[in-house]
Amino acid sequence: MMPYFKFDYFGSDTGLFFAFIIGIGFGWFLERAGFGTAKKLAAQFYFKDLTVFKVMFTAIVTAMLGIYFLSVFGFMDISELSVTTTYIVPQIVGGLMLGVGFVIGGYCPGTSVVACSTGKIDAVFFLIGVFLGIFIFAELYPLIENFSNSTNMGKVTMPAFFNIPYGIIVFLVVLMALGGFAGAEWAEKKFGYKKVEVINED
Amino acid sequence: MSEKLVKTPKPYMNPYLAGLGLGLVLLMSYVIMGRGLGASGAFSTATAVAINSVAPAHATGNNFYSEYLGDGQQSPLKDWLVFEVLGVLVGGFISGMFAGRVKKSIEKGPRIANSKRLIFAVFGGMLMGFGAKLARGCTSGQALTGGAILNLGSWAFMMCVFGGAYMFAYFMRRQWL
């Protein structure tokens with residue numbers, strides 16, 4: 001029965017080995033997609049290149065459908081998957097900070113690791129900033145602990161919150177993603193980088 | 001012109017194909033471990049370990065650090081996300097090497113000086129680090145991972161990340177365009 005770790009197929013040391021392997025796959029596809037450069041990531045927010053949106057939503061839909069069908073056909077116990085607790089107001093504030101930080105810094109924490117590994121100096125500086133940000137958060141934690149733990153809604157998923165069957169939400173997310181992809185292709189044609197003919201000067 | 005061996009980097013993968021690959025990696029993580037991907041959590045562990053080595057009394061007296069330091073039974077660095085992020089570093093490098101994209105550079109638009117770009121990078125990183133702790137995760141740990149299992153907070157978070165970035169993009173246009 002999946003997830004294997006939760007059904008004691010192996011111990012946590014073996015889990016660390018899988019962590020490393022899964023990380024390699026994660027890093028590989030981030031780099032393949034072009035997320036090792038801030039220019040490509042930031043272009044998302046000027047409608048020049050919507051790769052970020054396309055990759056992210058294809059990934060979410062793929063994993064979501066996989067989990068859904070594995071559970072429907074009885075291969076996976078979905079209740080064993082770890083769900084982070086929703087603290088809605090801190091998460092909204094944190095999300096806005098991340099968004100602003102994204103367009104200022106040019107990376108998010110995961111993509112900055114890939115960019116560091118491929119030699120991007122700005123990503124090294126970005127990562128130093130991430131450590132500083134976490135340090136500041138930790139040092140201020142006694143002051144912001146109350147806010148950070150406010151509006152606790154528990155471990156709640158959209159099907160539970162909206163009281164709509166899981167499969168319907170899955171279907172709606174797929175529809176939304178397909179609509180988004182069509183919109184992204186249209187936007188890239190309208191606002192994207194114009195194709196410039198390259199003249200070879202020897 | 002002097003003869004130079006110029007390697008042209010390979011083009012990037014089709015975004016939908018890369019997304020499919022990324023989604024399958026995420027699915028594998030759920031299938032094998034019952035948990036998704038992450039990044040910022042590993043940096044929190046590293047920060048906590050660093051502070052603990054310099055000022056142990058200060059670190060253990062702080063609720064944030066002590067959560068990442070664990071019960072002292074084993075090294076806090078023996079952590080799932082720490083090993084996963086080390087993998088990301090290796091995987092990114094291997095992919096970049098095969099594609100001829102490993103190269104020292106500063107990524108920016110043509111209208112901004114290198115020094116300014118690096119200051120912005122640090123500042124953006126700080127906002128990200130702080131925001132990710134408030135939100136309990138970043139684009140990997142919340143948006144991707146929580147998004148795939150329809151976590152309510154993750155979806156609210158994801159909308160806010162895109163919203164915040166689009167709202168602020170105008171002020172940063174000189175850095176990128």
Side-chain angles (χ1 to χ4, degrees), chain A residues 2-3 5-6 16 19-20 23-25 27-29 31-34 37-39 42 45 51 54-55 58-60 62-64 66 82 86 90-91 94-105 108-110 113-114 117-119 122 125-126 129-130 133-134 137-138 141 156-158 161, chain B residues 12-13 15-16 18-19 21-23 25-27 29 31 33-35 39-40 47 64 80 83-84 87-89 91-93 95-96 102-104 106-107 118 120-122 124-131 133-136 138-140 147-148 150 152-153 157 160-161 164-165 168-169 172 176:
Chain A
M2 300 167 183
F5 178 65
K6 302 282 169 131
L16 293 179
F20 186 64
I24 290 178
W28 170 275
F29 282 109
E31 205 289 329
R32 288 281 123 171
T37 158
K39 265 172 86 175
F45 306 114
T51 302
K54 293 183 206 169
V55 172
T58 310
I60 289 173
T62 303
M64 177 189 71
S82 66
T86 293
Q91 284 187 301
L96 290 170
M97 285 180 81
L98 248 90
V100 173
F102 204 154
V103 80
I104 295 176
C108 59
V113 174
V114 170
S117 76
T118 54
D122 50 326
F125 278 72
F126 177 90
V130 172
I134 293 173
F137 182 89
Y141 196 64
V156 57
T157 60
M158 292 199 289
F161 182 74
Chain B
Y12 297 120
M13 193 184 251
Y16 300 108
L22 196 56
V25 172
L26 176 56
L27 180 61
S29 186
V31 164
M33 298 302 303
R35 61 179 296 169
S40 54
T47 308
F64 179 83
W80 202 85
F83 277 70
E84 185 241 47
V88 173
L89 200 64
F93 179 73
S95 167
V102 179
K103 194 175 155 248
K104 215 170 117 181
I106 295 175
E107 299 298 299
L118 294 180
F120 277 134
V122 173
M126 282 169 69
L127 274 173
M128 277 255 174
F130 193 99
K133 290 306 101 189
L134 211 48
R136 273 92 180 156
C138 55
T139 2
S140 324
L150 307 176
L152 181 74
F157 166 82
C160 290
V161 172
F168 206 73
M172 284 291 122
W176 304 117

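Proteins get letters first, then strands, A, B, ... in listed order; numbering begins at 1 in each.
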In terms of heavy-atom pairs under 4.5 Å with chain A, the winner among B:Phe157, B:Phe130, B:Phe168 is B:Phe130

Among A:Arg32, A:Met64, A:Lys6, which residue forms the greatest number of heavy-atom pairs with chain B at distances under 4.5 Å? A:Arg32

So how far is it from A:Phe5 CZ to B:Ser29 OG, rounded to the nearest 0.5 Å? 11.5 Å

Let's test your reading of the structure: which of B:Val102, B:Leu22, B:Leu152 forms the most heavy-atom pairs below 4.5 Å with chain A? B:Leu152

Among B:Leu27, B:Val88, B:Leu127, which residue forms the greatest number of heavy-atom pairs with chain A at distances under 4.5 Å? B:Val88

Among A:Phe126, A:Phe161, A:Phe102, residue most engaged with chain B (heavy-atom pairs, under 4.5 Å): A:Phe126

Shorter than 4.5 Å, heavy atoms on both sides: which option in A:Thr157, A:Thr62, A:Val103 has the most such pairs with chain B? A:Val103

A:Phe20 portion near chain B, given a 4.5 angstrom heavy-atom threshold: both

Any donor-acceptor pair under 3.5 Å from A:Ser117 side chain to A:Val114 backbone: yes

Taking every non-hydrogen pair under 4.5 Å, which of B:Gly21, B:Ser140, B:Ser95 racks up the most with chain A? B:Ser95

Report yes if the side chains of B:Met128 and B:Ser40 come closer than 4.5 Å at any heavy-atom pair, otherwise no. no

Please verify the inter-ring angle class for B:Phe64 with A:Tyr141; under 30° counts as parallel, over 60° as perpendicular, anything in between as tilted. tilted

Side-chain donor/acceptor of B:Trp176 to backbone N/O of A:Phe45, under 3.5 Å: no

Among A:Pro90, A:Gly25, A:Gly66, single out the residue with the greatest number of heavy-atom pairs under 4.5 Å to chain B. A:Pro90

Worked check of side chain to side chain contact (heavy atoms under 4.5 Å, CB included) between A:Val130 and B:Met126: CA-CA 5 Å; A:Val130 172; B:Met126 282 169 69; over 6 Å; no

Under a 4.5 Å heavy-atom cutoff, which of B:Leu150, B:Thr139, B:Leu118 has the most pairs with chain A? B:Leu150

Check for a donor-acceptor pair, side chain of A:Thr58 on one end and backbone N or O of B:Gly19 on the other, with a separation under 3.5 Å. no

Taking every non-hydrogen pair under 4.5 Å, which of B:Ala121, B:Gly147, B:Ala39 racks up the most with chain A? B:Ala121

Got A:Gln91 and A:Thr86 here, is their nearest side-chain heavy-atom distance under 4.5 Å? yes

Report which part of B:Trp80 has an atom under 4.5 Å of a heavy atom belonging to chain A: side chain, backbone, both, or neither. both

